[in-house]
2 protein chains.
Amino acid sequence: MLTIKEIAERANVSRTTVSRVLNNSGYVSEEAKRRVLKVIEETGYIPSENAKSLRTKKTKVIGVILPKISTETSSRLVKGIDEILAKGGYQILLANTNLKPEKEIEYLKLLKSRHVDGIILSATNVNRSLIEEIYQLKIPFVTVGQYISGLANVVFDDYQAAKDMVQLLIKKGHKRIAFIGVDESDRAVGYLRKNGYYDAMKEAGLPVEDSWVQKGVFNSESGYESMKEIIEISDNRPTAVAAVTDRLAIGAMQFIQQMGLSIPEDMAFAGMGASELSRYITPSLTTIDFSMEDAGREAAALLLEQISREMNQEEIRTINYRLLERASI
Amino acid sequence: MLTIKEIAERANVSRTTVSRVLNNSGYVSEEAKRRVLKVIEETGYIPSENAKSLRTKKTKVIGVILPKISTETSSRLVKGIDEILAKGGYQILLANTNLKPEKEIEYLKLLKSRHVDGIILSATNVNRSLIEEIYQLKIPFVTVGQYISGLANVVFDDYQAAKDMVQLLIKKGHKRIAFIGVDESDRAVGYLRKNGYYDAMKEAGLPVEDSWVQKGVFNSESGYESMKEIIEISDNRPTAVAAVTDRLAIGAMQFIQQMGLSIPEDMAFAGMGASELSRYITPSLTTIDFSMEDAGREAAALLLEQISREMNQEEIRTINYRLLERASI
DNA sequence: TGTATTTGTGGAATCGATTACACATTTCCT
DNA sequence: AGGAAATGTGTAATCGATTCCACAAATACA
């Protein structure tokens with residue numbers, strides 16, 4: 001590998017001068033500059049970012065921690081993040097936790113050891129030890145999807161979105177509405193959306209039967225199972241189902257269709273997330289578009305702000321959502 | 001930031017000894033080791049990977065260049081790559097070209113400047129200048145999806161897959177089969193798959209009319225337009241359509257359904273890529289599963305081999321595909 | 001003309017780790 | 001007992017850049 005030293009020798013100047021040419025800083029005569037650029041051109045010299053970082057303490061790399069790498073949500077988020085970061089000359093260092101909480105702390109440390117200029121965390125379960133670890137890092141930090149006090153956050157109004165969804169079903173005339181959620185340790189998706197459901201029902205004066213409320217995980221199979229459970233144990237069969245993700249809704253729809261019932265006549269469905277699938281399945285699924293790309297862009301912009309301000313300050317940006325009314329209700 | 005020097009001072013040893021403890025190398029007395037570990041524990045010291053890399057010439061980072069960041073293909077590929085790399089303690093540095101060829105060379109240089117230990121390139125259009133740039137890099141390198149001589153490649157048998165697909169349609173009794181492809185500058189998807197189509201037809205002794213062969217880009221809208229074109233300008237309307245991606249097929253199906261025709265009775269469809277969508281749309285789409293995750297795993301494994309062998313050697317791994325016969329034919 | 005300022009350049013320290021080498025002490029083996 | 005081998009530790013060079021500082025030459029200003 002060619003180094004700045006060799007370039008300096010070949011151009012008959014000092015390393016200092018080469019560095020000045022490279023960074024367009026300080027005084028350099030046209031003559032010297034020309035010689036240096038010529039040698040760089042001829043040799044194809046590429047300066048080591050690594051050595052540079054060691055000295056300057058800036059890497060132009062942002063760590064992005066994701067709970068899962070190949071979901072539509074994640075990839076849209078990353079797309080938005082990359083869009084903004086690329087403009088600023090930053091690159092993304094990926095860290096995939098595969099939903100394992102212990103990995104989150106591990107990666108936090110790893111990213112710190114790599115001196116990333118900032119971190120964006122797309123969190124699911126937020127626990128105390130994770131939060132403490134983040135505070136200790138002292139690295140510009142932005143979370144997406146879950147609120148953590150004292151940090152910069154990009155969040156969604158999960159509560160209101162779920163409530164809107166259920167209210168739409170109510171407006172459509174449904175009175176017995178079931179709910180398929182996820183574990184409440186996921187505060188945004190599990191806890192807040194569930195509350196949105198309960199409050200919408202309560203405000204409309206509608207009763208909720210325990211058997212209508214099921215809990216699954218993030219895949220369609222568990223939506224299928226939850227639906228089955230609802231049908232099997234309910235005395236009073238619901239006429240509509242609100243699920244916290246499109247996948248859960250789609251799994252549930254499959255069960256209903258396999259029973260020979262029709263959607264939305266026998267059972268109406270609503271999901272959340274606006275997956276591509278939701279548009280193309282039959283019937284198309286009513287859902288909520290959280291615009292993950294916007295969230296990504298916002299998170300990146302917020303992070304760059306924190307970096308330029310050289311501080312970690314609480315700030316909350318709420319991303320707008322859109323309710324997409326489709327054939328499933 | 002805490003440095004190794006401070007740890008050494010606090011533990012009353014030299015930096016050398018601290019380094020030895022950190023890397024489990026050389027001779028260190030139990031006593032010294034204990035003291036060092038205690039100080040590290042107390043202070044939460046995290047060694048700088050950056051400084052380490054500068055000295056050791058290894059970063060444990062792999063650059064991954066993608067044509068587009070948020071497609072199902074890319075995200076599955078990255079998932080497979082990450083699965084293997086994470087085991088080896090490597091991380092992924094993302095580079096998204098957004099289908100702009102000039103970005104490919106730019107990122108190649110950027111990744112080199114960051115001293116990544118290896119690069120995986122998911123290429124679409126491969127041109128001479130790109131190839132030359134790659135040869136010059138002298139960094140362990142693996143391409144996915146397109147063959148480049150002299151390098152390690154993970155490829156698909158695009159030709160045979162397309163041929164199989166068309167032959168399946170022929171076996172189903174179709175004689176007039178249309179084809180929706182993409183530009184041939186994408187050798188794998190554009191050129192090879194098209195050849196597979198032509199050869200399957202020729203070998204079956206079936207004629208191909210020019211109006212049946214259309215070219216689109218990678219989205220469903222252009223599949224829609226291509227189908228429209230086929231219907232409008234064909235004297236002899238085909239009874240089946242083979243498309244080089246699921247998206248193109250899905251767009252084409254939409255046009256046919258909007259015309260009030262039914263699938264597969266009036267027109268049969270086959271796509272390629274096994275997107276999630278293909279499973280859930282109605283009717284479900286016959287397609288080819290190229291197992292991108294396998295490809296990712298294979299690419300990562302191949303790259304790690306090249307790294308450990310310290311050489312860049314031509315090697316070709318062909319990923320198996322599966323033909324998924326579904327309701328659309 | 002003499003002093004102040006601007007311009008141009010390079011020597012050498014620095015960033016935070018690893019590692020070759022030297023040296024001292026202990027243990028082993030015949 | 002006495003030399004060889006193993007164990008333990010530290011000094012200093014090194015990786016490849018940036019940057020402080022000193023200094024010389026050219027230019028401006030009074």
Side-chain angles (χ1 to χ4, degrees), chain A residues 1-37 39-40 43-61 89 109-117 138-139, chain B residues 1-37 39-40 43-61 89 109-117 138-139:
Chain A
M1 268 290 287
L2 231 38
T3 72
I4 198 174
K5 195 174 154 209
E6 296 174 63
I7 302 300
E9 282 163 9
R10 296 205 201 196
N12 230 328
V13 294
S14 70
R15 314 213 291 287
T16 308
T17 301
V18 177
S19 175
R20 288 204 184 95
V21 173
L22 249 27
N23 298 289
N24 246 300
S25 64
Y27 296 110
V28 183
S29 65
E30 279 308 313
E31 165 59 18
K33 188 169 180 175
R34 234 201 51 252
R35 286 208 314 274
V36 170
L37 288 176
V39 173
I40 290 178
T43 56
Y45 162 70
I46 299 177
S48 159
E49 274 298 321
N50 225 311
K52 181 172 178 169
S53 302
L54 183 59
R55 186 69 230 257
T56 62
K57 310 281 187 198
K58 302 206 172 314
T59 54
K60 286 279 183 177
V61 171
K109 289 191 179 155
L110 185 57
L111 291 176
K112 169 147 195 167
S113 79
R114 292 197 187 284
H115 294 283
V116 294
D117 290 344
K138 300 194 195 321
I139 294 180
Chain B
M1 268 290 286
L2 231 39
T3 72
I4 198 175
K5 195 174 155 210
E6 295 174 64
I7 303 301
E9 282 163 8
R10 298 206 202 196
N12 230 326
V13 294
S14 70
R15 314 213 291 287
T16 308
T17 301
V18 177
S19 176
R20 290 206 183 94
V21 172
L22 249 26
N23 297 289
N24 247 302
S25 64
Y27 295 111
V28 183
S29 65
E30 279 307 314
E31 166 59 18
K33 189 169 179 176
R34 234 203 49 252
R35 286 208 312 275
V36 170
L37 288 176
V39 174
I40 290 178
T43 55
Y45 162 69
I46 299 177
S48 159
E49 274 297 320
N50 225 312
K52 181 172 178 169
S53 303
L54 183 59
R55 187 67 227 261
T56 61
K57 310 280 185 196
K58 305 207 171 314
T59 54
K60 286 279 183 175
V61 171
K109 289 192 178 154
L110 186 57
L111 291 176
K112 169 148 196 167
S113 79
R114 292 197 188 284
H115 294 282
V116 294
D117 290 344
K138 300 194 195 322
I139 295 180

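Residue numbering restarts at 1 for every chain, and letters A, B, ... go by the order of the sequence lines. We use all heavy atoms of the structure for the numbers below, so side chains are in, but hydrogens, waters and symmetry mates are not.
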- prompt: Quick one, which residues of residues 21-36 of chain B touch DNA chain C with a heavy atom under 4.0 Å?
  reply: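 Output list: B/Asn23.
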[atom1] of [X] to [atom2] of [Y]: how many Å apart, nearest 0.5 Å?
{"X": "B/Arg20", "Y": "B/Ser29", "atom1": "CZ", "atom2": "OG", "answer": "11.0 Å"}
{"X": "A/Lys52", "Y": "A/Ile4", "atom1": "NZ", "atom2": "CD1", "answer": "10.0 Å"}
{"X": "B/Ile40", "Y": "B/Leu2", "atom1": "CD1", "atom2": "CG", "answer": "9.5 Å"}

Protein-nucleotide distance ([X], atom [atom1]; [N], atom [atom2]), rounded to Å:
{"X": "A/Lys5", "N": "D/dT18", "atom1": "NZ", "atom2": "C1'", "answer": "16 Å"}
{"X": "B/Leu2", "N": "C/dG16", "atom1": "CG", "atom2": "P", "answer": "10 Å"}
{"X": "B/Ile7", "N": "C/dT18", "atom1": "CD1", "atom2": "P", "answer": "13 Å"}
{"X": "B/Ile40", "N": "C/dA17", "atom1": "CD1", "atom2": "P", "answer": "10 Å"}
{"X": "A/Asn50", "N": "C/dG16", "atom1": "CG", "atom2": "P", "answer": "14 Å"}
{"X": "A/Lys52", "N": "C/dT14", "atom1": "NZ", "atom2": "C1'", "answer": "17 Å"}
{"X": "A/Ile46", "N": "D/dA17", "atom1": "CD1", "atom2": "P", "answer": "11 Å"}
{"X": "B/Leu54", "N": "C/dT19", "atom1": "CG", "atom2": "P", "answer": "12 Å"}

message: I'd like to know whether NZ of B/Lys33 has more than 12 heavy-atom contacts from other residues, nucleotides or ligands below 6.0 angstrom.
response: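 Count not over threshold, so no.
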To check you understand the geometry: which heavy-atom pair defines the closest contact between [X] and [Y], and what is its length?
{"X": "A/His115", "Y": "B/Asn50", "value": "CD2-CB, 3.8 Å"}
{"X": "B/Val39", "Y": "B/Arg10", "value": "CG1-CB, 3.8 Å"}
{"X": "A/Val116", "Y": "A/Ile139", "value": "O-CG2, 4.0 Å"}

message: Between A/Arg35 and A/Glu31, does any side-chain N to carboxylate O distance fall below 4.0 Å?
response: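 A salt bridge is present here (some side-chain N lies under 4.0 Å from a carboxylate O).
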- request: Answer yes or no: does a side-chain N or O of B/Lys57 lie under 4.0 Å from OP1 or OP2 of D/dG16?
  value: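 Checking D/dG16 against B/Lys57, a side-chain N or O does come within under 4.0 Å of OP1 or OP2.
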Toward the 5' end of DNA chain D, by each residue's nearest nucleotide, A/Ala51 or B/Asn12: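 Counting from the 5' end, the first nearest nucleotide belongs to B/Asn12.
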- request: Kindly state which residues belonging to residues 13-20 of chain B come within less than 4.0 angstrom of DNA chain D, counting heavy atoms of the residue only, listed by number.
  value: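 Heavy-atom contacts with DNA chain D come from B/Val13, B/Ser14, B/Arg15, B/Thr16, B/Thr17, B/Arg20.
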task: With the side chain counted from C-beta on, respond yes when B/Val61 and A/Arg114 share a heavy-atom pair under 4.5 Å apart, and no when they do not.
output: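 Yes, close enough: below the 4.5 Å cut-off.
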